[in-house]
Amino acid sequence: MYAIIGGSGLYQLAGFQATRRQVVRTPYGEPSGALTFGRIGDGDELVFLARHGYGHTQAPHRINYRANLWALNEVGVEKILSVATVGGVSPDCGPGQLVVPDQIIDYTYGRANTFFDGGDQPVVHVDMTLPYSEVVRQELLQAAKSVVAIRDGGVYGCTQGPRLETTAEIRRLARDGVDIVGMTGMPEAALARELDLHYAALCVVTNHSAGVGSSLTEISLDDIRVTLDHTMQSVHRILGQMLGQ
Ligand code: HPA
């Protein structure tokens, strides 16, 4: 079964017929919200979870990533598609671009980022050579083909947030090889790997990140909203194509 973890701007799926909601308790506390089960069209049953909570109340550094992943695993999810907004760092990732990244750099700190936390648990070091599932990436890219041009691959840099980055921070990220920057990709991807779940991300570029493009103009949240509303229409069509039949 597929799960979709919806980020900013994605609180419900177009054409989604919800059949039931389930509150799942986990050893790690509460997930961001109840899991919503349902279908898009005649597609297979899937689960939807709003990453920031249904009223968008949870900041990126406060999300209980462990509870979210644990809950999805608990109800039998095997594949996860994360939808997340990002800023564009590389010049060819402008506002409105969709990106399916293939690499991650984690700049976050202080987040509960593993299920293997010592104590009675054995120490486990999961492999992250390829942090995203190639199976889910390819399904996503295939579904997008008939909808919109999409960038296959790129390095996702995950910052701590909730503030946006400084221009110097973005320059450093660019030197590191980061193409897109967001605040929620980690530890989500690593926790999915620890549970052996296939995980990939569809990233919506909502803005040039700080200092990229027309230099040193502030990032406008209103512009972000407009781009997001517009680009989400393509996201809904891709998800419908991928999961709706
Ligand atoms: N930086 C970090 N996260 C983001 C951005 C950004 O510029 N835009 C959307 N999410």
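For the numbers below, each heavy atom of this structure counts, side chains included, while hydrogens, waters and symmetry mates do not. Read the numbers this way: they start at 1 and go in the same order the structure lists the ligands and their atoms.
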* Asked: Purely on distance, is any nitrogen or oxygen of Asn207 under 3.5 Å from one on ligand 1?
  -> yes
* To do: Find all atoms of ligand 1 within a distance of less than 4.0 Å from any non-hydrogen atom belonging to Thr206, and give their numbers and elements.
  => 8 (N), 9 (C)
* In the single-linkage hydrophobic clustering (I, L, V, M, F, W, Y; side-chain heavy atoms under 4.5 Å), do Ile150 and Val155 co-cluster? -> no
* To do: Go through ligand 1 atom by atom and flag the ones less than 4.0 Å from a non-hydrogen atom of Met183.
  => 2 (C), 3 (N)
* Structure fact -> Ranked by distance from atom 5 (C) of ligand 1, the top protein heavy atom is Gly87 N, 3.3 Å
* Asked: Looking at Arg163 and Glu169, does any basic side-chain N land under 4.0 Å from a carboxylate oxygen?
  -> yes
* Asked: Has Gln17 got more than 12 heavy atoms of other residues, nucleotides or ligands less than 6.0 Å from its CD?
  -> no
* Asked: Could you give all pairs that pass the side chain to side chain donor-acceptor pair (under 3.5 Å) test and reach residues 44-63, with sequence neighbours left out?
  -> Tyr11-His56, Ser32-Gln58, Thr36-Tyr54, Arg51-Ser82, Arg51-Glu188
* Ring-face cation contact, Tyr28 with Arg66, 6.0 Å cut, 45° max -> no
* Structure fact -> Among non-hydrogen protein atoms, atom 4 (C) of ligand 1 lies closest to Val181 O, 3.6 Å
* Polar proximity ligand 1 side, Ser209 side, N/O cut 3.5 Å exclusive -> no
* Find all atoms of ligand 1 within a distance of less than 4.0 Å from any non-hydrogen atom belonging to Val86, and give their numbers and elements. => 5 (C), 8 (N), 9 (C), 10 (N)
* Structure fact -> One finds that the ligand 1 atoms under 4.0 Å from a non-hydrogen atom of Leu164 are 1 (N), 5 (C), 6 (C), 7 (O)
* To do: Could you check Val205, Asn207, Ile170, Val86 and say which one makes a side chain to side chain contact (heavy atoms under 4.5 Å, CB included) with Val181?
  => Ile170
* **Pairwise side-chain contact, Tyr107 with Met186, heavy-atom cut-off 4.5 Å (strictly under)** => no
* Asked: Counting from 1, what ligand 1 atoms have a heavy atom of Glu165 closer than 4.0 Å?
  -> 1 (N), 2 (C), 6 (C), 7 (O)
* What protein heavy atom sits nearest atom 10 (N) of ligand 1, and how far away is it? -> Thr85 O, 3.5 Å
